[in-house]
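Below is one structure, written out as C-alpha coordinates; comments come after it.
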Amino acid sequence: MLDAKLFRSELAETAERLKTTRGFELDVSRLETLEQQRKDLQVHTETLQAERNSRSKSIGQAKAKGEDIAPLLAAVDDLGAQLDSAKAELATVQDALQQIIAGVPNLPDASVPLGPNEDHNQEVSRWGEPRRFDFAPSDHVDVASAINDGMNFELGSKLAGARFVVLQGQIARLHRALTQFMLDLHTTEHGYQETYVPYLVNHDTLFGTGQLPKFGEDLFHVQGATENQVALSLIPTAEVPLTNLWRDEIADEDQLPLQYAAHTPCFRSEAGSHGRDTRGLIRQHQFDKVELVWLVKPEDSMDALEKLTGHAEKVLQLLELPYRKVLLCTGDMGFGAARTYDLEVWLPTQEKYREISSCSNMLDFQARRMQARFRRKGANKPELMHTLNGSGLAVGRTLVALLENNQQEDGSVTVPVALQPYMGGVTRIAAE
RNA sequence: GGAGAGAUGGCAGAGUUCGGUUUAAUGCACCUGACUUGAAAUCAGGCGUGGGUUCGCGCCCACCGGGGGUUCGAAUCCCUCUCUCUCCGCCA
(Lines give C-alpha, C1' and ligand atoms only; values in the text may rest on other atoms or scores of the structure.)
Protein backbone atom coordinates (compact mmCIF):
# COMPACT_ATOMS: atom_id res chain seq x y z
CA MET A 1 0.00 0.00 0.00
CA LEU A 2 1.28 3.41 -0.86
CA ASP A 3 1.34 6.22 1.67
CA ALA A 4 -2.10 7.85 1.71
CA LYS A 5 -0.39 11.24 1.69
CA LEU A 6 0.65 10.60 -1.90
CA PHE A 7 -3.00 10.60 -2.86
CA ARG A 8 -3.60 13.93 -1.18
CA SER A 9 -0.61 16.17 -1.64
CA GLU A 10 0.86 14.61 -4.81
CA LEU A 11 -2.15 13.05 -6.48
CA ALA A 12 -1.49 14.17 -10.06
CA GLU A 13 2.19 13.20 -9.96
CA THR A 14 1.43 9.85 -8.40
CA ALA A 15 -1.22 9.07 -10.99
CA GLU A 16 1.22 10.02 -13.75
CA ARG A 17 3.99 7.82 -12.34
CA LEU A 18 1.63 4.85 -12.00
CA LYS A 19 0.51 5.33 -15.57
CA THR A 20 3.94 5.63 -17.15
CA THR A 21 5.59 2.89 -15.12
CA ARG A 22 2.88 0.30 -14.76
CA GLY A 23 0.18 1.40 -17.12
CA PHE A 24 -2.07 1.65 -14.08
CA GLU A 25 -4.98 4.05 -14.42
CA LEU A 26 -5.75 5.84 -11.20
CA ASP A 27 -9.22 7.37 -11.12
CA VAL A 28 -8.04 10.82 -10.10
CA SER A 29 -11.34 12.66 -10.15
CA ARG A 30 -13.07 9.97 -8.12
CA LEU A 31 -10.24 9.99 -5.61
CA GLU A 32 -10.44 13.78 -5.36
CA THR A 33 -14.19 13.64 -4.82
CA LEU A 34 -13.95 10.92 -2.21
CA GLU A 35 -11.09 12.65 -0.43
CA GLN A 36 -13.03 15.91 -0.21
CA GLN A 37 -16.05 14.04 1.13
CA ARG A 38 -13.87 12.17 3.61
CA LYS A 39 -12.39 15.38 4.91
CA ASP A 40 -15.76 17.11 5.36
CA LEU A 41 -17.42 14.07 6.88
CA GLN A 42 -14.55 13.35 9.21
CA VAL A 43 -14.39 16.87 10.55
CA HIS A 44 -18.18 16.87 10.93
CA THR A 45 -18.22 13.50 12.68
CA GLU A 46 -15.41 14.32 15.05
CA THR A 47 -17.03 17.63 15.96
CA LEU A 48 -20.20 15.78 16.87
CA GLN A 49 -18.20 13.28 18.90
CA ALA A 50 -16.46 16.05 20.79
CA GLU A 51 -19.83 17.63 21.49
CA ARG A 52 -21.26 14.38 22.75
CA ASN A 53 -18.24 13.72 24.95
CA SER A 54 -18.36 17.08 26.67
CA ARG A 55 -22.12 16.91 27.21
CA SER A 56 -21.90 13.41 28.63
CA LYS A 57 -19.22 14.58 30.96
CA SER A 58 -21.43 17.43 32.17
CA ILE A 59 -24.23 15.00 32.81
CA GLY A 60 -21.92 12.85 34.85
CA GLN A 61 -20.76 15.81 36.90
CA ALA A 62 -24.29 17.10 37.45
CA LYS A 63 -25.40 13.70 38.57
CA ALA A 64 -22.52 13.45 41.00
CA LYS A 65 -23.66 16.72 42.59
CA GLY A 66 -27.20 15.42 42.80
CA GLU A 67 -28.59 17.96 40.34
CA ASP A 68 -31.53 17.35 38.03
CA ILE A 69 -30.16 15.96 34.76
CA ALA A 70 -33.44 15.80 32.83
CA PRO A 71 -32.89 19.12 30.96
CA LEU A 72 -29.36 18.07 30.04
CA LEU A 73 -30.64 14.78 28.68
CA ALA A 74 -33.26 16.61 26.63
CA ALA A 75 -30.63 18.91 25.13
CA VAL A 76 -28.65 15.93 23.92
CA ASP A 77 -31.72 14.26 22.47
CA ASP A 78 -31.01 14.06 18.72
CA LEU A 79 -27.22 14.15 18.94
CA GLY A 80 -26.98 10.37 18.85
CA ALA A 81 -29.01 10.09 15.68
CA GLN A 82 -26.95 12.80 13.97
CA LEU A 83 -23.78 11.08 15.02
CA ASP A 84 -24.94 7.69 13.80
CA SER A 85 -25.72 8.94 10.33
CA ALA A 86 -22.50 10.95 10.14
CA LYS A 87 -20.50 7.88 11.15
CA ALA A 88 -22.25 5.71 8.60
CA GLU A 89 -21.59 8.19 5.78
CA LEU A 90 -17.96 8.52 6.79
CA ALA A 91 -17.51 4.75 6.91
CA THR A 92 -18.95 4.39 3.41
CA VAL A 93 -16.56 6.96 2.00
CA GLN A 94 -13.57 5.55 3.85
CA ASP A 95 -14.33 2.04 2.65
CA ALA A 96 -14.48 3.29 -0.92
CA LEU A 97 -11.17 5.11 -0.50
CA GLN A 98 -9.55 2.14 1.15
CA GLN A 99 -10.71 -0.17 -1.61
CA ILE A 100 -9.10 2.05 -4.25
CA ILE A 101 -5.86 2.59 -2.36
CA ALA A 102 -5.48 -1.09 -1.40
CA GLY A 103 -5.67 -1.96 -5.10
CA VAL A 104 -2.93 0.41 -6.26
CA PRO A 105 0.38 -1.32 -7.07
CA ASN A 106 3.72 -0.24 -5.69
CA LEU A 107 5.69 2.48 -7.41
CA PRO A 108 8.80 1.07 -9.09
CA ASP A 109 12.16 2.29 -7.87
CA ALA A 110 13.73 4.96 -10.07
CA SER A 111 16.50 2.54 -11.01
CA VAL A 112 14.07 0.16 -12.73
CA PRO A 113 13.98 0.23 -16.55
CA LEU A 114 10.78 1.59 -18.04
CA GLY A 115 8.72 -0.76 -20.15
CA PRO A 116 5.25 -2.22 -20.61
CA ASN A 117 6.10 -5.95 -20.64
CA GLU A 118 8.78 -8.61 -20.31
CA ASP A 119 10.35 -7.69 -23.64
CA HIS A 120 11.80 -4.66 -21.88
CA ASN A 121 13.47 -6.54 -19.03
CA GLN A 122 17.23 -6.09 -18.80
CA GLU A 123 19.58 -9.03 -18.72
CA VAL A 124 22.12 -8.29 -16.02
CA SER A 125 24.42 -11.29 -16.21
CA ARG A 126 24.79 -14.89 -17.31
CA TRP A 127 26.41 -17.75 -15.45
CA GLY A 128 27.45 -21.10 -16.89
CA GLU A 129 27.52 -22.37 -20.40
CA PRO A 130 24.47 -24.14 -21.83
CA ARG A 131 25.56 -27.67 -22.56
CA ARG A 132 25.95 -28.84 -26.13
CA PHE A 133 24.16 -32.16 -26.61
CA ASP A 134 25.41 -34.77 -29.08
CA PHE A 135 22.01 -36.40 -28.94
CA ALA A 136 18.48 -35.04 -28.97
CA PRO A 137 17.68 -34.22 -25.30
CA SER A 138 14.35 -35.32 -23.89
CA ASP A 139 12.22 -33.05 -21.81
CA HIS A 140 12.03 -33.59 -18.07
CA VAL A 141 8.78 -35.54 -18.26
CA ASP A 142 10.28 -38.18 -20.53
CA VAL A 143 13.54 -38.29 -18.60
CA ALA A 144 11.85 -38.79 -15.25
CA SER A 145 9.18 -41.16 -16.54
CA ALA A 146 11.87 -43.42 -17.94
CA ILE A 147 13.49 -43.74 -14.53
CA ASN A 148 11.06 -46.27 -13.03
CA ASP A 149 7.95 -44.17 -13.64
CA GLY A 150 9.43 -41.37 -11.52
CA MET A 151 7.04 -38.64 -12.60
CA ASN A 152 3.44 -39.62 -13.17
CA PHE A 153 0.84 -37.05 -14.16
CA GLU A 154 -1.92 -39.60 -14.76
CA LEU A 155 -1.76 -40.57 -11.11
CA GLY A 156 -1.75 -36.91 -10.14
CA SER A 157 -4.88 -36.19 -12.12
CA LYS A 158 -6.55 -39.34 -10.82
CA LEU A 159 -5.98 -38.23 -7.26
CA ALA A 160 -6.59 -34.53 -7.63
CA GLY A 161 -7.01 -33.35 -11.21
CA ALA A 162 -5.07 -31.50 -13.86
CA ARG A 163 -1.82 -29.81 -12.83
CA PHE A 164 -1.04 -32.29 -10.08
CA VAL A 165 1.73 -34.89 -10.12
CA VAL A 166 2.97 -37.94 -8.28
CA LEU A 167 6.74 -38.36 -7.97
CA GLN A 168 8.12 -41.77 -7.18
CA GLY A 169 11.35 -43.52 -6.31
CA GLN A 170 14.62 -41.80 -7.13
CA ILE A 171 12.90 -38.79 -8.68
CA ALA A 172 10.94 -38.21 -5.47
CA ARG A 173 14.15 -38.56 -3.53
CA LEU A 174 15.94 -36.14 -5.82
CA HIS A 175 13.15 -33.66 -5.20
CA ARG A 176 13.57 -34.07 -1.45
CA ALA A 177 17.35 -33.85 -1.74
CA LEU A 178 17.07 -30.52 -3.56
CA THR A 179 14.85 -29.14 -0.81
CA GLN A 180 17.17 -30.22 1.98
CA PHE A 181 20.23 -28.96 0.14
CA MET A 182 18.73 -25.52 -0.37
CA LEU A 183 17.49 -25.18 3.18
CA ASP A 184 20.83 -26.29 4.63
CA LEU A 185 22.76 -23.91 2.40
CA HIS A 186 20.71 -20.88 3.38
CA THR A 187 20.58 -21.64 7.08
CA THR A 188 24.22 -22.61 7.54
CA GLU A 189 25.98 -20.39 4.98
CA HIS A 190 23.70 -17.42 4.40
CA GLY A 191 22.43 -16.60 7.88
CA TYR A 192 18.75 -17.43 7.54
CA GLN A 193 16.65 -18.70 10.42
CA GLU A 194 14.94 -21.94 9.54
CA THR A 195 11.22 -21.53 10.01
CA TYR A 196 8.20 -23.80 9.85
CA VAL A 197 4.94 -22.02 9.13
CA PRO A 198 1.23 -22.69 8.58
CA TYR A 199 0.18 -23.56 5.05
CA LEU A 200 -3.28 -22.16 5.68
CA VAL A 201 -3.56 -18.50 6.60
CA ASN A 202 -6.31 -16.02 7.37
CA HIS A 203 -7.35 -13.03 5.33
CA ASP A 204 -5.57 -10.44 7.42
CA THR A 205 -2.34 -12.24 6.64
CA LEU A 206 -3.14 -12.33 2.93
CA PHE A 207 -3.96 -8.64 2.95
CA GLY A 208 -0.65 -7.91 4.62
CA THR A 209 1.46 -9.20 1.76
CA GLY A 210 -0.93 -7.96 -0.94
CA GLN A 211 -2.67 -11.12 -2.17
CA LEU A 212 -5.97 -9.67 -0.99
CA PRO A 213 -8.19 -7.92 -1.86
CA LYS A 214 -7.12 -7.98 -5.49
CA PHE A 215 -5.76 -11.44 -6.25
CA GLY A 216 -8.11 -13.75 -4.38
CA GLU A 217 -8.89 -15.74 -7.49
CA ASP A 218 -5.28 -16.93 -7.69
CA LEU A 219 -5.69 -18.70 -4.34
CA PHE A 220 -7.36 -21.85 -3.08
CA HIS A 221 -9.83 -20.98 -0.34
CA VAL A 222 -10.77 -23.46 2.32
CA GLN A 223 -14.21 -23.63 3.89
CA GLY A 224 -14.61 -24.67 7.50
CA ALA A 225 -10.91 -25.15 8.05
CA THR A 226 -11.55 -24.78 11.75
CA GLU A 227 -14.74 -25.48 13.66
CA ASN A 228 -15.90 -21.91 13.13
CA GLN A 229 -16.59 -19.86 10.04
CA VAL A 230 -13.19 -18.23 9.67
CA ALA A 231 -12.09 -18.35 6.06
CA LEU A 232 -8.58 -19.65 5.47
CA SER A 233 -6.63 -19.94 2.24
CA LEU A 234 -3.73 -22.11 1.14
CA ILE A 235 -0.53 -20.11 0.86
CA PRO A 236 0.67 -19.33 -2.68
CA THR A 237 4.19 -18.84 -1.28
CA ALA A 238 5.90 -18.90 2.12
CA GLU A 239 6.48 -15.17 1.64
CA VAL A 240 2.97 -14.74 3.04
CA PRO A 241 3.40 -16.38 6.46
CA LEU A 242 7.07 -15.39 6.82
CA THR A 243 6.60 -11.70 6.14
CA ASN A 244 3.48 -11.57 8.30
CA LEU A 245 5.43 -12.83 11.32
CA TRP A 246 5.94 -9.14 12.03
CA ARG A 247 2.45 -7.89 11.25
CA ASP A 248 1.35 -5.46 13.99
CA GLU A 249 4.72 -5.73 15.73
CA ILE A 250 7.42 -3.23 16.56
CA ALA A 251 10.98 -4.52 16.43
CA ASP A 252 13.96 -3.01 18.20
CA GLU A 253 16.44 -1.46 15.79
CA ASP A 254 19.15 -3.97 16.69
CA GLN A 255 16.89 -6.93 15.86
CA LEU A 256 17.14 -5.99 12.18
CA PRO A 257 17.92 -7.34 9.70
CA LEU A 258 15.78 -10.46 10.14
CA GLN A 259 16.32 -13.30 7.67
CA TYR A 260 13.90 -16.19 7.42
CA ALA A 261 14.01 -19.31 5.27
CA ALA A 262 11.22 -21.84 4.99
CA HIS A 263 10.38 -24.81 2.84
CA THR A 264 6.69 -25.06 2.09
CA PRO A 265 4.37 -26.34 -0.54
CA CYS A 266 2.75 -23.53 -2.50
CA PHE A 267 -0.76 -23.62 -3.91
CA ARG A 268 -1.92 -21.59 -6.86
CA SER A 269 -5.18 -21.83 -8.75
CA GLU A 270 -3.47 -20.64 -11.94
CA ALA A 271 -6.65 -18.85 -12.91
CA GLY A 272 -6.13 -17.22 -16.28
CA SER A 273 -3.28 -19.47 -17.36
CA HIS A 274 -5.32 -22.14 -19.12
CA GLY A 275 -3.32 -23.67 -21.91
CA ARG A 276 0.02 -22.34 -20.69
CA ASP A 277 2.75 -24.81 -19.75
CA THR A 278 0.24 -27.64 -19.67
CA ARG A 279 2.92 -30.32 -20.04
CA GLY A 280 5.23 -31.19 -17.21
CA LEU A 281 6.16 -29.76 -13.86
CA ILE A 282 6.57 -26.11 -14.83
CA ARG A 283 3.14 -24.91 -13.78
CA GLN A 284 1.35 -26.97 -11.13
CA HIS A 285 -1.39 -26.21 -8.63
CA GLN A 286 0.94 -27.49 -5.90
CA PHE A 287 4.69 -27.09 -5.85
CA ASP A 288 7.44 -26.86 -3.26
CA LYS A 289 9.62 -23.87 -2.74
CA VAL A 290 12.32 -22.71 -0.38
CA GLU A 291 11.55 -19.09 0.33
CA LEU A 292 13.85 -16.38 1.65
CA VAL A 293 12.52 -13.31 3.44
CA TRP A 294 14.33 -10.26 4.81
CA LEU A 295 13.00 -7.58 7.13
CA VAL A 296 15.32 -4.59 7.17
CA LYS A 297 15.78 -0.93 7.90
CA PRO A 298 14.86 1.22 4.89
CA GLU A 299 18.42 2.30 4.16
CA ASP A 300 19.51 -1.35 3.94
CA SER A 301 16.89 -2.75 1.61
CA MET A 302 18.58 -2.24 -1.75
CA ASP A 303 21.77 -3.83 -0.47
CA ALA A 304 19.72 -6.68 0.98
CA LEU A 305 18.14 -7.31 -2.42
CA GLU A 306 21.57 -7.86 -3.93
CA LYS A 307 22.50 -10.25 -1.13
CA LEU A 308 19.22 -12.13 -1.31
CA THR A 309 19.53 -12.55 -5.06
CA GLY A 310 23.10 -13.70 -4.60
CA HIS A 311 21.94 -16.38 -2.19
CA ALA A 312 19.47 -17.72 -4.73
CA GLU A 313 22.17 -17.61 -7.42
CA LYS A 314 24.47 -19.61 -5.18
CA VAL A 315 22.04 -22.52 -5.30
CA LEU A 316 22.13 -22.60 -9.09
CA GLN A 317 25.89 -22.29 -9.13
CA LEU A 318 26.40 -25.18 -6.72
CA LEU A 319 23.99 -27.25 -8.78
CA GLU A 320 26.00 -26.26 -11.86
CA LEU A 321 22.91 -25.07 -13.69
CA PRO A 322 23.38 -22.30 -16.30
CA TYR A 323 21.21 -19.28 -15.63
CA ARG A 324 20.82 -15.63 -16.29
CA LYS A 325 19.84 -12.77 -14.06
CA VAL A 326 17.24 -10.35 -15.32
CA LEU A 327 16.19 -6.99 -13.95
CA LEU A 328 12.45 -6.72 -14.50
CA CYS A 329 11.10 -3.60 -16.14
CA THR A 330 8.36 -1.51 -14.54
CA GLY A 331 5.51 -3.22 -16.39
CA ASP A 332 6.57 -6.79 -15.57
CA MET A 333 6.98 -6.52 -11.83
CA GLY A 334 4.58 -7.97 -9.29
CA PHE A 335 1.94 -5.89 -7.53
CA GLY A 336 3.96 -5.03 -4.44
CA ALA A 337 7.48 -4.93 -5.82
CA ALA A 338 9.62 -1.83 -6.29
CA ARG A 339 12.59 -3.66 -7.80
CA THR A 340 12.82 -7.30 -8.87
CA TYR A 341 15.47 -9.66 -10.20
CA ASP A 342 14.34 -12.84 -11.88
CA LEU A 343 16.72 -15.76 -12.13
CA GLU A 344 16.09 -17.84 -15.22
CA VAL A 345 17.53 -21.31 -15.63
CA TRP A 346 18.49 -22.78 -18.97
CA LEU A 347 16.10 -25.46 -20.24
CA PRO A 348 17.69 -27.23 -23.21
CA THR A 349 14.46 -28.69 -24.60
CA GLN A 350 12.79 -25.30 -24.64
CA GLU A 351 16.07 -23.71 -25.75
CA LYS A 352 15.46 -20.78 -23.50
CA TYR A 353 15.84 -19.49 -19.97
CA ARG A 354 12.83 -20.03 -17.71
CA GLU A 355 12.05 -18.30 -14.42
CA ILE A 356 13.16 -20.27 -11.38
CA SER A 357 13.42 -17.49 -8.83
CA SER A 358 12.05 -14.02 -8.33
CA CYS A 359 13.68 -11.71 -5.78
CA SER A 360 11.96 -8.48 -4.86
CA ASN A 361 12.37 -5.45 -2.70
CA MET A 362 8.88 -4.33 -1.65
CA LEU A 363 10.17 -1.26 0.22
CA ASP A 364 7.52 -0.30 2.80
CA PHE A 365 4.58 -1.38 0.62
CA GLN A 366 3.81 -4.56 2.56
CA ALA A 367 5.03 -3.16 5.88
CA ARG A 368 2.45 -0.38 5.64
CA ARG A 369 -0.36 -2.87 5.03
CA MET A 370 0.89 -4.99 7.91
CA GLN A 371 2.02 -2.19 10.23
CA ALA A 372 5.35 -4.00 10.57
CA ARG A 373 7.60 -1.45 12.22
CA PHE A 374 10.79 -0.90 14.16
CA ARG A 375 12.00 1.76 16.54
CA ARG A 376 15.36 3.44 16.21
CA LYS A 377 17.36 4.01 19.37
CA GLY A 378 16.28 7.30 20.87
CA ALA A 379 13.47 7.87 18.40
CA ASN A 380 9.97 8.05 19.78
CA LYS A 381 8.09 7.27 16.58
CA PRO A 382 8.22 3.74 15.20
CA GLU A 383 9.08 3.50 11.53
CA LEU A 384 7.96 1.11 8.80
CA MET A 385 10.36 -1.70 7.93
CA HIS A 386 11.24 -2.69 4.40
CA THR A 387 10.42 -6.24 3.34
CA LEU A 388 12.05 -8.44 0.71
CA ASN A 389 11.42 -11.92 -0.52
CA GLY A 390 12.83 -14.33 -3.05
CA SER A 391 12.72 -17.95 -4.06
CA GLY A 392 15.76 -19.88 -3.16
CA LEU A 393 14.61 -21.80 -5.25
CA ALA A 394 11.39 -23.19 -6.67
CA VAL A 395 12.04 -26.87 -6.05
CA GLY A 396 9.91 -28.33 -8.86
CA ARG A 397 11.46 -26.15 -11.51
CA THR A 398 14.92 -26.89 -10.16
CA LEU A 399 14.15 -30.58 -10.57
CA VAL A 400 13.06 -29.87 -14.16
CA ALA A 401 16.30 -28.05 -14.89
CA LEU A 402 18.44 -30.74 -13.32
CA LEU A 403 16.74 -33.55 -15.20
CA GLU A 404 16.99 -31.80 -18.53
CA ASN A 405 20.52 -30.43 -18.19
CA ASN A 406 22.09 -33.53 -16.60
CA GLN A 407 20.49 -36.24 -18.71
CA GLN A 408 22.77 -38.72 -20.46
CA GLU A 409 22.26 -40.50 -23.72
CA ASP A 410 21.58 -43.77 -21.86
CA GLY A 411 18.69 -42.19 -19.99
CA SER A 412 20.50 -41.74 -16.69
CA VAL A 413 20.88 -38.42 -14.90
CA THR A 414 24.06 -37.30 -13.17
CA VAL A 415 23.82 -35.87 -9.67
CA PRO A 416 25.79 -32.66 -9.05
CA VAL A 417 28.57 -32.97 -6.49
CA ALA A 418 26.85 -30.61 -4.06
CA LEU A 419 23.74 -32.77 -4.07
CA GLN A 420 25.41 -36.15 -3.72
CA PRO A 421 25.53 -36.12 0.09
CA TYR A 422 21.75 -35.68 0.05
CA MET A 423 21.41 -38.66 -2.30
CA GLY A 424 23.32 -41.10 -0.16
CA GLY A 425 26.47 -40.55 -2.19
CA VAL A 426 24.91 -41.59 -5.48
CA THR A 427 26.52 -39.90 -8.49
CA ARG A 428 23.86 -40.76 -11.01
CA ILE A 429 20.33 -42.11 -11.08
CA ALA A 430 19.05 -44.48 -13.72
CA ALA A 431 16.26 -46.92 -14.45
CA GLU A 432 16.57 -50.13 -12.48
C1' G B 1 -15.69 -33.20 22.52
C1' G B 2 -16.74 -31.52 28.04
C1' A B 3 -15.73 -27.96 32.33
C1' G B 4 -13.48 -23.53 33.94
C1' A B 5 -10.27 -18.99 33.77
C1' G B 6 -8.45 -15.21 30.89
C1' A B 7 -7.00 -11.32 26.60
C1' U B 8 -5.46 -3.86 29.12
C1' G B 9 0.39 0.48 25.91
C1' G B 10 7.46 -2.01 23.86
C1' C B 11 7.04 -5.61 28.32
C1' A B 12 4.87 -6.69 33.11
C1' G B 13 0.47 -5.44 35.59
C1' A B 14 -3.90 -2.53 38.43
C1' G B 15 -8.74 -0.94 37.11
C1' U B 16 -14.07 -4.63 35.40
C1' U B 17 -17.60 -6.10 41.75
C1' C B 18 -21.62 -1.40 41.50
C1' G B 19 -20.85 2.47 33.93
C1' G B 20 -19.38 8.99 34.93
C1' U B 21 -12.81 14.02 37.92
C1' U B 22 -9.17 7.30 34.55
C1' U B 23 -6.21 12.84 30.18
C1' A B 24 -5.87 3.81 31.89
C1' A B 25 -2.55 3.64 38.21
C1' U B 26 2.18 1.43 39.14
C1' G B 27 6.74 -1.04 37.82
C1' C B 28 10.42 -2.38 33.99
C1' A B 29 12.61 -0.74 29.55
C1' C B 30 13.70 3.68 26.86
C1' C B 31 14.88 9.27 26.26
C1' U B 32 16.59 14.10 28.44
C1' G B 33 18.87 16.58 32.46
C1' A B 34 21.48 16.76 37.42
C1' C B 35 25.37 14.41 40.34
C1' U B 36 30.28 11.74 38.59
C1' U B 37 37.08 11.78 35.86
C1' G B 38 33.74 8.16 33.29
C1' A B 39 30.17 4.59 34.53
C1' A B 40 26.85 2.43 37.97
C1' A B 41 23.56 3.86 41.65
C1' U B 42 20.43 7.90 42.96
C1' C B 43 17.32 12.21 41.96
C1' A B 44 14.13 15.33 38.56
C1' G B 45 11.42 15.43 34.13
C1' G B 46 9.67 12.98 29.73
C1' C B 47 7.77 8.70 27.40
C1' G B 48 1.45 4.35 23.86
C1' U B 49 -0.62 3.69 18.61
C1' G B 50 -3.34 5.44 14.50
C1' G B 51 -5.98 9.46 12.35
C1' G B 52 -7.91 14.60 11.59
C1' U B 53 -6.90 19.80 11.65
C1' U B 54 -3.34 24.02 11.87
C1' C B 55 2.06 28.08 8.86
C1' G B 56 3.15 26.74 13.85
C1' C B 57 2.37 26.32 19.28
C1' G B 58 -1.55 23.43 19.76
C1' C B 59 -6.42 21.46 19.57
C1' C B 60 -9.64 17.37 18.41
C1' C B 61 -11.15 12.09 17.37
C1' A B 62 -10.56 6.84 17.77
C1' C B 63 -8.25 2.65 20.09
C1' C B 64 -8.19 -1.72 26.63
C1' G B 65 -8.22 -9.29 21.48
C1' G B 66 -12.03 -8.67 16.62
C1' G B 67 -17.16 -7.40 15.39
C1' G B 68 -22.03 -5.92 17.00
C1' G B 69 -25.50 -4.07 20.87
C1' U B 70 -27.52 -1.26 25.39
C1' U B 71 -26.72 3.97 27.22
C1' C B 72 -26.57 10.97 27.39
C1' G B 73 -21.93 8.27 28.61
C1' A B 74 -18.65 1.56 28.15
C1' A B 75 -11.83 -0.96 29.59
C1' U B 76 -16.30 -1.82 32.90
C1' C B 77 -22.96 -4.30 31.11
C1' C B 78 -25.08 -7.77 26.97
C1' C B 79 -24.42 -10.85 22.35
C1' U B 80 -20.97 -13.06 19.08
C1' C B 81 -16.30 -14.60 17.03
C1' U B 82 -11.01 -15.46 17.60
C1' C B 83 -6.99 -16.65 20.56
C1' U B 84 -4.42 -18.17 25.26
C1' C B 85 -4.15 -20.98 29.84
C1' U B 86 -5.88 -25.10 33.46
C1' C B 87 -8.39 -29.84 34.07
C1' C B 88 -10.96 -34.18 31.75
C1' G B 89 -11.72 -37.11 27.25
C1' C B 90 -9.94 -38.46 22.40
C1' C B 91 -5.83 -38.58 19.17
C1' A B 92 -0.76 -38.70 14.92
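Below, read A as the first sequence line, B as the second, and so on, with proteins coming before strands; counting in each chain starts at 1.
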Count the heavy atoms of every other residue, nucleotide or ligand shown that sit under 6.0 Å from CD of Q99(A), and state whether that count exceeds 12.
no
If you count every heavy atom of other residues, nucleotides or ligands that lies below 6.0 Å from R17(A) atom CZ, does the total exceed 12?
no
With distance as the sole criterion, do the side chain of K57(A) and the base of G20(B) form a donor-acceptor contact below 3.5 Å?
no
Closest to side chain of [X], choosing from [options]:
| X | options | result |
| --- | --- | --- |
| Q49(A) | C60(B), A62(B), G10(B) | A62(B) |
| Q371(A) | G50(B), G20(B), A62(B) | G50(B) |
| R373(A) | C72(B), A62(B), U49(B) | U49(B) |
| I59(A) | G51(B), U49(B), G20(B) | G20(B) |
| K63(A) | C60(B), G10(B), G20(B) | G20(B) |
| R38(A) | C72(B), U53(B), A62(B) | U53(B) |

If I take atom [atom1] in residue [X] and atom [atom2] in nucleotide [N], what distance separates them, rounded to the nearest angstrom?
| X | N | atom1 | atom2 | value |
| --- | --- | --- | --- | --- |
| D3(A) | G51(B) | CG | C1' | 13 Å |
| I101(A) | G51(B) | CD1 | P | 12 Å |
| Q94(A) | C61(B) | CD | P | 16 Å |

Is R176(A) positioned over the aromatic face of Y422(A), cation under 6.0 angstrom from the ring centre and no more than 45 degrees off axis?
no
Contact class for R368(A) (heavy atom, under 4.0 Å): base, sugar-phosphate, or nothing?
nothing
Identify whether any heavy atom of D252(A) sits under 4.0 Å from a base atom; if not, whether one sits that close to sugar-phosphate; answer base, sugar-phosphate or nothing.
nothing
Can you say whether the rings of H190(A) and H186(A) are parallel (under 30°), tilted (30 to 60°) or perpendicular (over 60°)?
tilted
Rounding to the closest angstrom, what is the interatomic distance between U23(B) and G48(B) at atom C1'?
13 Å
Say we look at G27(B) and C47(B): how far apart would their P atoms be, to the nearest angstrom?
14 Å
